[in-house]
Trainee: 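I'd like to ask you about the structure that follows.
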Amino acid sequence: TANKQDDLTICSCYPNPVNGQLIIRFNEMSIHSMVSIEIYDITGRIVLAKSINVHKDKISMNLNGLASGIYIIRAIAGNKIESQCLTLIK
């Protein structure tokens, strides 16, 4: 049976803290959907944005161009938006 909590989430991100490569794992309901991923720095400035037509359960994002610090990653799929705090350590 499907986990009810998984039905409520678009994706999960790991490892956290991250050192360069971030893995974004999409839940089953997000596969075959268009998902926008936005990463904001602590001041609220968008530092990375990507729209993904999700065909597999996970992708890798290279964060090497970003400085060490605290970021907010936002996933948007349809009318669902979720945010997660992310720590980047170099």
Side-chain angles (χ1 to χ4, degrees):
T1 62
N3 181 340
K4 291 285 186 203
Q5 182 64 30
D6 286 345
D7 291 344
L8 301 175
T9 62
I10 299 169
C11 61
S12 58
C13 303
Y14 61 92
N16 192 4
V18 62
N19 180 0
Q21 288 295 109
L22 178 69
I23 305 298
I24 301 174
R25 185 176 180 276
F26 297 97
N27 80 1
E28 201 172 295
M29 299 300 284
S30 297
I31 297 177
H32 305 295
S33 297
M34 182 62 75
V35 176
S36 294
I37 302 293
E38 299 171 342
I39 299 180
Y40 296 84
D41 67 13
I42 200 70
T43 67
R45 183 177 61 100
I46 192 161
V47 294
L48 191 64
K50 189 173 197 172
S51 290
I52 303 159
N53 194 352
V54 179
H55 292 292
K56 36 187 183 170
D57 67 339
K58 63 184 172 182
I59 63 160
S60 176
M61 282 185 81
N62 184 333
L63 304 182
N64 286 324
L66 301 178
S68 295
I70 306 284
Y71 294 88
I72 302 296
I73 183 164
R74 177 183 282 177
I76 305 162
N79 63 355
K80 191 183 290 188
I81 300 172
E82 57 185 48
S83 299
Q84 180 178 333
C85 189
L86 183 67
T87 303
L88 176 62
I89 299 173
K90 290 193 168 184

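The residues of the chain are indexed from 1 along the displayed sequence.
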Trainee: Please round to the nearest 0.5 Å and tell me the distance separating atom CZ of Phe26 and atom SG of Cys13.
Mentor: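 Phe26 atom CZ to Cys13 atom SG measures 8.0 Å (nearest 0.5 Å).
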Trainee: I'd like to know if Ile76 and Val47 are part of one continuous hydrophobic network [Ile/Leu/Val/Met/Phe/Trp/Tyr, side-chain heavy atoms within less than 4.5 Å].
Mentor: no
Trainee: Apply side-chain contact (heavy atoms from CB on, under 4.5 Å) to the pair Ile39 and Leu63, showing each step before the final yes or no.
Mentor: CA-CA 10 Å; Ile39 299 180; Leu63 304 182; 3.7 Å; yes
Trainee: Check whether any side-chain heavy atom of Val18 sits under 4.5 Å from a side-chain heavy atom of Ile89, and report yes or no.
Mentor: no
Trainee: Taking the side chain as every heavy atom from C-beta outward, state whether Asp41 and Ile72 have any pair of such atoms under 4.5 Å apart.
Mentor: no
Trainee: Compare all side-chain heavy atoms of Tyr14 with those of Lys58 and state whether any distance is below 4.5 angstrom.
Mentor: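 With C-beta onward as the side chain, the pair touches.
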Trainee: Heavy-atom distance under 4.5 Å between the side chains of Lys50 and Met61, does that happen here?
Mentor: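 Yes, close enough: below the 4.5 Å cut-off.
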Trainee: Among Ile73, Leu88, Ile59, Leu66, which one satisfies side chain to side chain contact (heavy atoms under 4.5 Å, CB included) with Leu22?
Mentor: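 Among Ile73, Leu88, Ile59, Leu66, the one that satisfies the side chain to side chain contact (heavy atoms under 4.5 Å, CB included) with Leu22 is Ile73.
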Trainee: Do any N or O atoms from the side chain of Asn16 and from the backbone of Thr87 form a donor-acceptor pair under 3.5 angstrom?
Mentor: yes
Trainee: Could you give the side-chain donor-acceptor pairs of residues 29-38 under 3.5 Å, partners two or more places apart or in another chain?
Mentor:
unit_1: Ser30; atom_1: OG; unit_2: Ile10; atom_2: O; d: 3.0
unit_1: Ser30; atom_1: OG; unit_2: Asn27; atom_2: OD1; d: 3.0
unit_1: Ser33; atom_1: OG; unit_2: Ser30; atom_2: O; d: 3.3
unit_1: Ser36; atom_1: OG; unit_2: Ser51; atom_2: OG; d: 3.4
unit_1: Glu38; atom_1: OE1; unit_2: Tyr40; atom_2: OH; d: 2.6

Trainee: Same cluster for Ile23 and Leu48 if Ile/Leu/Val/Met/Phe/Trp/Tyr side chains link at under 4.5 Å?
Mentor: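 No, because Ile23 and Leu48 fall into different hydrophobic clusters, even though each may have its own neighbours under 4.5 Å.
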Trainee: Which pair of heavy atoms, one from Gln84 and one from Ser12, lies closest together, and at what distance?
Mentor: OE1-CA, 4.4 Å
Trainee: So, the side chain of Lys90 versus the backbone of Gly69: is there a donor-acceptor pair under 3.5 Å, distance only?
Mentor: no
